[in-house]
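Everything below concerns the one structure shown next.
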2 protein chains.
Amino acid sequence: MERGRSALGPALELVHTGRAPTRAVLTTELGVTRATAGAVAAELEALGLITVDSRPHASAGSQGRPSHRLSVNENGPVVLAAQIHADGYRAALVGLGGRIVATTPSCGIIPADPAQVLAEVVEAGAALLRDTGRRCLGAGLAVPSAVAEPDGEALNPLHLAWPSGAPVRELFLRALADAGIPGVTEKIGFTGNDVNLGALAEHRHGAGRGARHLLCVASGHRGVGGALVLDGRLHSGSSGLALEVGHLTVHPEGTPCHCGSRGCLDVEADPLAFLVAAGREPGPEVSLLHQAGELLRNEYTDPGVRAAADLLIDRLGLGLAGLVNILNPDRIILGGLHRALVEADPERLRAVVADRSLWGRSGGVPILPCSLDHNSLVGAAELAWQPILDDPLVILDGAA
Amino acid sequence: MERGRSALGPALELVHTGRAPTRAVLTTELGVTRATAGAVAAELEALGLITVDSRPHASAGSQGRPSHRLSVNENGPVVLAAQIHADGYRAALVGLGGRIVATTPSCGIIPADPAQVLAEVVEAGAALLRDTGRRCLGAGLAVPSAVAEPDGEALNPLHLAWPSGAPVRELFLRALADAGIPGVTEKIGFTGNDVNLGALAEHRHGAGRGARHLLCVASGHRGVGGALVLDGRLHSGSSGLALEVGHLTVHPEGTPCHCGSRGCLDVEADPLAFLVAAGREPGPEVSLLHQAGELLRNEYTDPGVRAAADLLIDRLGLGLAGLVNILNPDRIILGGLHRALVEADPERLRAVVADRSLWGRSGGVPILPCSLDHNSLVGAAELAWQPILDDPLVILDGAA
DNA sequence: TGGCTTTGTGCCGACGCTAAACAAAATACG
DNA sequence: CGTATTTTGTTTAGCGTCGGCACAAAGCCA
C-alpha cells in the first residue's frame, strides 16, 4: 500500500484553485520548507499537471529574487463534464483550474429514457475527446434533481420526463464504459445535483472563493434549489438530500404547493411566480427563466414589474434569513432568477435578510450573484477531479 | 517544528470514543500495520493516557490469539469542565472517555456579574483538583447562550442577568489563570453553547455514537436550542451562531415572539408553552422544565395533558421536518422537555417528521432521547480534550 | 499432540520531510 | 556603479514514521 507524497494533493489543490501562484506562497500555504515545496512542484510538473514559468514574471515590485510562476497546465489532461438540464443537455472538457477547454452546443431535446440521454451526452463528450486529442482522467455529471446516496438515483426529477429513482449514476458509468472513456478510479461520487455542483464550482473558482461556509440558492425554470459548502466540502447530507430548501414556508397564506403545504419557496420565488406577479402571461416552461430574466433586465422601470420584483425579493429574503439563522454562512451566492433579482436591487435583498435574521448586526451576510458561466458543468468536473486532487499519483495507474 | 507520531491523535480518539477496544481493531480502524498500532498504543500508555490489560479478556469466543484490552486510563489526567445554566453553575473533573470523575453539587445562585460567576465556578473546580490530586490538562466552559466567534462573547444570554456581549471566554481564561490552573495550550475554543456541547458529547459518548450527521434539539426552561455535528465535527457556523433554530415558524398564527414574528419554535415548543397548553399555572422560570417534566411523567393519562403534549409534538415535528429538509441528518437527538416528549410518545413524533419531510420514505429519521447525564458538561470537557486528541504529545510541554 | 488462526513484537528499509548551507536574481543604498 | 540586503530556488545530509517481513505467542480444533 505505497502512498505518494502526502503534500502532493494539497499542493495541486492550491494551484487548481488559484491560491498558489508561486512556489513561495506554496511554501507558506502548505506550511512546509522551501525544499519540500520545490520538490512537490517539480513532481506535479513532471506529472504534466502544472507548468512552471521560469521567466521573471512582472511581479508586484517587492524586493528579493522574483518567484517563478506556477499555473495549471493549459495543455494537460482534462475531465469530461456532462450536464442535463430542463432545456437539453451539454458535454464539455474541463481542465484544471475549472477552465472549459471545449464544449458542445446545448442540445435541446431530452429523450424520456435516461439511458438514451446519458448515452448521447457521453457520446458527444467522446467526440470532443477525439477532436481535441486530450487525455481524459475522469467524468462527472450534473442533473437537475436530488441524487440519493449511496446509490446515485435521481429522485423526483420534476423537470425531466424521467421516472423517480432512475439510477443515473449507474447509467452514466455504463455509458462511459460503452464509449470507452477511461476514468482513473472507480470511486463513487461522479454524479450530483446541479445546484450542489454549481456551488462547489463557485466556491473553488468563482464568487465563493475564500468563503468558509458558503450558501447557494438558485432557481431555474420551476422550483428553488439550494446547496451548502462547509469548510471547502460540499454538504449533501447523509443521503444526498440536504438543502432541499424549496419547501421553506415564506408566505403562510400563499400559493398551494404540490408538497401539500402553502406558500413554499418553490412556488413563491421561482420564475413562474414572478411572471404571474408581474401580470404577464407565462410562456412554455423551458423558457420561463429566459422570459423572467428579460423582463427584469428590460422592463425594470415598469411599476408592475418593479412591484413583482420587490415581492419576490421579500419572499426570497425571508427564506434566506431562515437559512442564515440555521446555517450561519459567511457568504451567500444566488443563481438563475435569483441572480437577476439581486443584480436588479442588491441593497433591498441584503436589508431584508439582515432584518429578518437574528444576528443581522455587523451589516449582515454578503449576498452576491454567481460569477461563472456553466457553473454546474464546472462543478461536475470538480467531482471528477476530486480523486486526482486527493492523490495526484493515481493518474499513473492507467497511464500509457 | 518537530511533529509527533501522526497516528497518535487518531488512535487516542478511537480509544476515547470506545471504538478501539483492542490493538487489533485499532490496526484496522487506523489502516496501519500491527507493528505501528502496537507502537502507538505503547506510546499512549507511556504517556499515561490509556491502559493495556494483558490478561486475556473474555473475548467473544472467536478463535486465534485473544487481544489485550485497551481502555482509557481511569486514573489518568483530567480536564476541568464548567457549566453555567439558568438554575446555577457546576464544576466537574472529566477524564478521557467522557467519564465524570468528580463534580460539585449545582450551586443555585447566579451573580449578575459574569466575572464573579466564572471566578466562583473555577474556584470550585480548583477545589476538586486539590481534593483529588489529579493532573489537569485543560478546561472547558458551557454557557446557555450563543457564543460569538472569534472573540467568545455571550450573545443575548436571556436566561442570565448578564449583559449581551459579555466576553465570557476571556473572563473564563482569566479566572483559570488567577486560580493557577494550567491548561496545556493557549488555543482558542474553550467556551461554547451548552446545546452545542451537549450534542458533541452525545455524538462521542452517548446516543449519537456512530451517526454521521447528527442534529440535536433541546429546550431548557425557556426557548429552544439546536446543534449540529457534521462528520464528527461541531458545526457552529462562521461566527458561532448556527442552529439558532428557535425562530423557525411552526404556527403562523401563533404566539407573538420577541423577535417580532409569531409562532416561532421558541415560544411554541418550550416548557412554558406546554404548561399553558395544558391549562396549568406556570411556576417560577427556573423550575419550568421540572414542572413540565413532572406533568408529562405523572399525569400523562389526563386528557388535557395528553392533548397539550400532542400539540407540542406536532409543533416540534413541524420544526424538525424543516430542519431535516435542510440538513438531512441521519439521526436526531432531543434533550430537555423534548426528551420527555419523545419518551412519552416516540411514534407520534417520528410520524409527524416523516410526514412533513420531503423524503420521509424508508421510515424517516431515527429520533432518540439524549442518553448522557450532564451532556453539556461532558461536551465542555471534550472542548478541552480536543488539543490533546489532535496531538497527544502536547501534554509533554508543561509536564513536571 | 500437532495444525490452524489470530495477535503481538523486533528488525530493516523506504520515503517524505526538516534543517542547513549555498547559489541565484532581483532591489536598496552608498 | 558596485556592494549589501532581501527573497527565492536547490542541494545535501539526516531523522522519524511507517510498511513489510519474519517470528513468537496464545488461544481454538481435530
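Chain A is the first sequence line, chain B the second, and so forth, proteins listed ahead of strands; every chain is numbered from 1.
Across the protein-nucleic acid pair, B:Arg69 atom CZ and D:dG27 atom P stand 15 Å apart, rounded to whole Å. Atoms CG (A:Leu26) and C1' (D:dG9) sit 13 Å apart, rounded to a whole Å. Rounded to an integer number of Å, the gap from B:Arg23 CZ to D:dA24 C1' is 14 Å. Across the protein-nucleic acid pair, A:Asp53 atom CG and D:dG9 atom P stand 12 Å apart, rounded to whole Å. One atom, NE2 of B:His68, and another, C1' of D:dA24, lie 12 Å apart when rounded to the nearest Å. A:Arg34 has its CZ atom 15 Å from the P atom of C:dA23, to the nearest Å. Rounded to whole Å, the distance from CD on B:Glu29 to P on C:dT7 is 13 Å. Atoms CD (B:Glu43) and P (C:dT9) sit 14 Å apart, rounded to a whole Å.
Residue-level contact check: A:Ala39 touches neither bases nor backbone, having no heavy atom under 4.0 Å from any strand.
The nearest heavy atom of DNA chain C to A:Val32 and to A:Gly64 marks one nucleotide each, and the one closer to the 5' end goes with A:Val32. Two residues, A:Ala35 and A:Arg65, neighbour DNA chain D, and the one matched to the more 5' nucleotide by heavy-atom proximity is A:Arg65.
Side-chain atoms of A:Val378 and A:Ile100, non-hydrogen and from C-beta on, do get closer than 4.5 Å to each other.
Under 4.0 angstrom from either OP1 or OP2 of D:dG19 there lies at least one side-chain N or O belonging to B:Thr33. Distances shown here put a side-chain N or O of A:Ser6 below 4.0 Å from the OP1 or OP2 atom of C:dC17. An OP1 or OP2 oxygen of D:dT7 is reached within less than 4.0 angstrom by no side-chain nitrogen or oxygen of A:Ser67. A close approach under 4.0 Å does not occur between any side-chain nitrogen or oxygen of B:Thr27 and OP1 or OP2 of C:dT7. Here B:Thr36 reaches the OP1 or OP2 of D:dG19: one of its side-chain N or O atoms lies under 4.0 Å away.
Counting only distance, with no hydrogens or angles, the side chain of B:Asp330 and the backbone of B:Arg212 share a donor-acceptor pair below 3.5 Å.
Using cut-offs of 30° and 60° on the angle between ring planes, the pair A:His213 and B:His235 is perpendicular.
Taking 4.0 Å as the cut-off between side-chain N and carboxylate O, B:Arg204 and B:Glu382 count as a salt-bridged pair.
Rounding to the nearest 0.5 Å places CG of A:Leu12 at 9.0 Å from OG1 of A:Thr17.
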